[in-house]
2 protein chains.
Amino acid sequence: MKYLKETENPKVTVDVVIFTIEGAVLKILLVKRGLEPFKGAWALPGGFVKKGENLAEAAARELKEETGVYGAYLEQLYTFGAPSRDPRGRVITVAYFALMHRKKFKIEASSDASEANLFSVSSLPKLAFDHEDILEYALMRIRNKIQYTNAVWSILPENFTLGEIQNVYEIIWGRKTDKRNFRKKILSLGLLKPAGKMKKGFRQRPAKLYAFKTKKYVELKRFF
Amino acid sequence: MKYLKETENPKVTVDVVIFTIEGAVLKILLVKRGLEPFKGAWALPGGFVKKGENLAEAAARELKEETGVYGAYLEQLYTFGAPSRDPRGRVITVAYFALMHRKKFKIEASSDASEANLFSVSSLPKLAFDHEDILEYALMRIRNKIQYTNAVWSILPENFTLGEIQNVYEIIWGRKTDKRNFRKKILSLGLLKPAGKMKKGFRQRPAKLYAFKTKKYVELKRFF
DNA sequence: TGAATAGTGTCTTTCAGACAATATGCC
DNA sequence: GGCATATTGTCTGAAAGACACTATTCA
């Protein structure tokens, strides 16, 4: 018979994996912890859920505090609750991930963190807590998710070329794909509409601009 | 400026949607609440996470307490944390779902619940808390998940015929599908192996028995 | 005219979906 | 023989994947 039978009052946090693309590289925002535990280590932005606050609201608040942006694509990822994941005691974290367009936000260290920075997901520092697990899970999820949803809308500008959206997919997947096949596929999903404008002014052939029909979450049917 | 800025110490529960098939109908296990709030109402089995206990362990413990079974397919579903979801105060619940073979468990009311029963998912009583939302989400997830994983292993006996596994899929999906196409597809997934035995002793042609190659979680690749 | 990217079509293979006749064991 | 279920193959249409050349702008 176990002797640890009592319940406890855990603390509950949200942590947010904020993906963005900078210099053709997939990056995430990390903050340097200003307090113990893991003081000085890099960690995912996050914090305690406040009174009267939904989990998604808490995640959106963290996102806003770190990037100044409200209204990006934000999805609950998974809840991590190993008893020893936080040395202060029982802390259960509900992880979210978000996709941000790099030009839409400024990086400013918030009051909680002494420093904030973007890191390429392919060369990260050692992370605090179990944040490496969270990130791994987030990468798996986003790589799958963009195949059958409109989730990438918030990592792109309002209007974009097919070349640009293809770059986003390739950067997230970490592999190249055929241009003709990609265009056929992305258009056949029916998520895009022509913006009726052209991207001009570069020394190359101008490209048609597209936009997402909606920024509301759309999930395409996949059946057996 | 908001005035509810303090954090709080929420309580954390796990709730488990236990799916099974009985009489060719998809059912879930519900317990009648013996205590307030929602005393006398039907609810998903669940309870507080205990000290030193993983979330998945807590879910497995609840599953075991309610059905006597340890080791079924069990997956974290989503975390529900609306501030008003529990009238007692802030309670965040991490929902799990499980698939059980009906013959492997007995229904016994546990100490927490005055009564436990299976209900068809198509004719449920009114549920306590936000458990209807949880169930809806679980149904969506399981209907998708069985298309590219071996999740159904624990709702089937060790060895089963292709007819039996087709029945399971049809019951979970709530629709019929062509026998020849189903067999082609399920075998092409590569998750099954012939058990080398036949299901005999019925007044009909004997059927080959199959088994899952593994009960470890397998997720098939789906790429663009 | 050269650099850079946009834009486009065909063929092959694979997979999904529609569709029906024969086989086997047991009563 | 009759009942009940098992087992099997073909055709068609859609989508995936391989593959290469021409078009346009601007420096």
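When reading the values below, keep in mind they use all heavy atoms of this one structure, side chains included, and skip hydrogens, waters and symmetry mates. Chain naming here is simple, since letters A, B, ... match the order of the sequence lines and numbering starts at 1 in each.
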Review point. Start at the 5' end of DNA chain C and walk down; is the nucleotide closest to A/Arg203 or to A/Asn181 reached first?
Key: A/Arg203
Study note, to complete from the structure: When rounded to whole Å, the CZ to C1' distance for the pair A/Phe202 and C/dA4 reads 12 Å
Point to revise | Nearest to side-chain heavy atoms of B/Gln204, which nucleotide of D/dT5, D/dT8, C/dG9 | key: D/dT5
Practice item. Please state how far atom CZ in A/Arg180 lies from atom P in D/dA18, giving the value in whole angstrom units. Key: 11 Å
Review point. So what does A/Lys208 hit on the nucleic acid, given a heavy-atom distance under 4.0 Å: a base, only sugar-phosphate, or nothing?
Key: sugar-phosphate
Review point. Nearest-Å distance, CD (A/Gln166) to C1' (C/dA4)?
Key: 15 Å
Check your understanding: Think A/Arg183 has a side-chain N or O under 4.0 angstrom from the OP1 or OP2 of C/dG7?
Key -> yes
Check your understanding: Would you call B/Glu158 and B/Lys215 a salt bridge, taking side-chain N to carboxylate O under 4.0 Å as the test?
Key -> yes
**Study point:** Value in whole Å for how far the C1' atom of D/dA18 lies from CZ of A/Phe182
**Key:** 17 Å
Review point. Hey, are B/Arg61 and B/Glu57 close enough for a salt bridge, meaning a charged N less than 4.0 Å from a carboxylate O?
Key: no
Review point. Mind checking whether A/Phe38 and A/Phe129 have ring centres under 6.0 Å apart?
Key: yes
Check your understanding: CG of A/Asp178 versus C1' of C/dT5: gap in Å, rounded?
Key -> 15 Å
Review point. Do B/Phe119 and B/Trp42 have their ring centres less than 6.0 Å from each other?
Key: yes
Revision key, fill the gap. When rounded to whole Å, the CD1 to P distance for the pair A/Ile165 and C/dG7 reads 13 Å
Point to revise | N or O in side chain of A/Lys184 less than 4.0 angstrom from D/dA16 OP1/OP2 | key: no
Check your understanding: Are B/Phe97 and B/Tyr78 close enough that their ring centers fall under 6.0 Å?
Key -> no
Review point. With respect to the phosphate group of D/dA15, does any side-chain polar atom (N or O) of A/Lys185 fall under 4.0 Å of OP1 or OP2?
Key: no
Practice item. Starting from C1' on C/dT5, measure out to NZ on A/Lys200 and report it in whole angstrom. Key: 16 Å
Check your understanding: If you check every side-chain atom of B/Arg205, which of D/dT5, C/dG17, C/dG7 has the closest atom?
Key -> D/dT5
Practice item. Send over the distance from B/Lys199 NZ to C/dG25 C1', rounded to a whole Å. Key: 14 Å
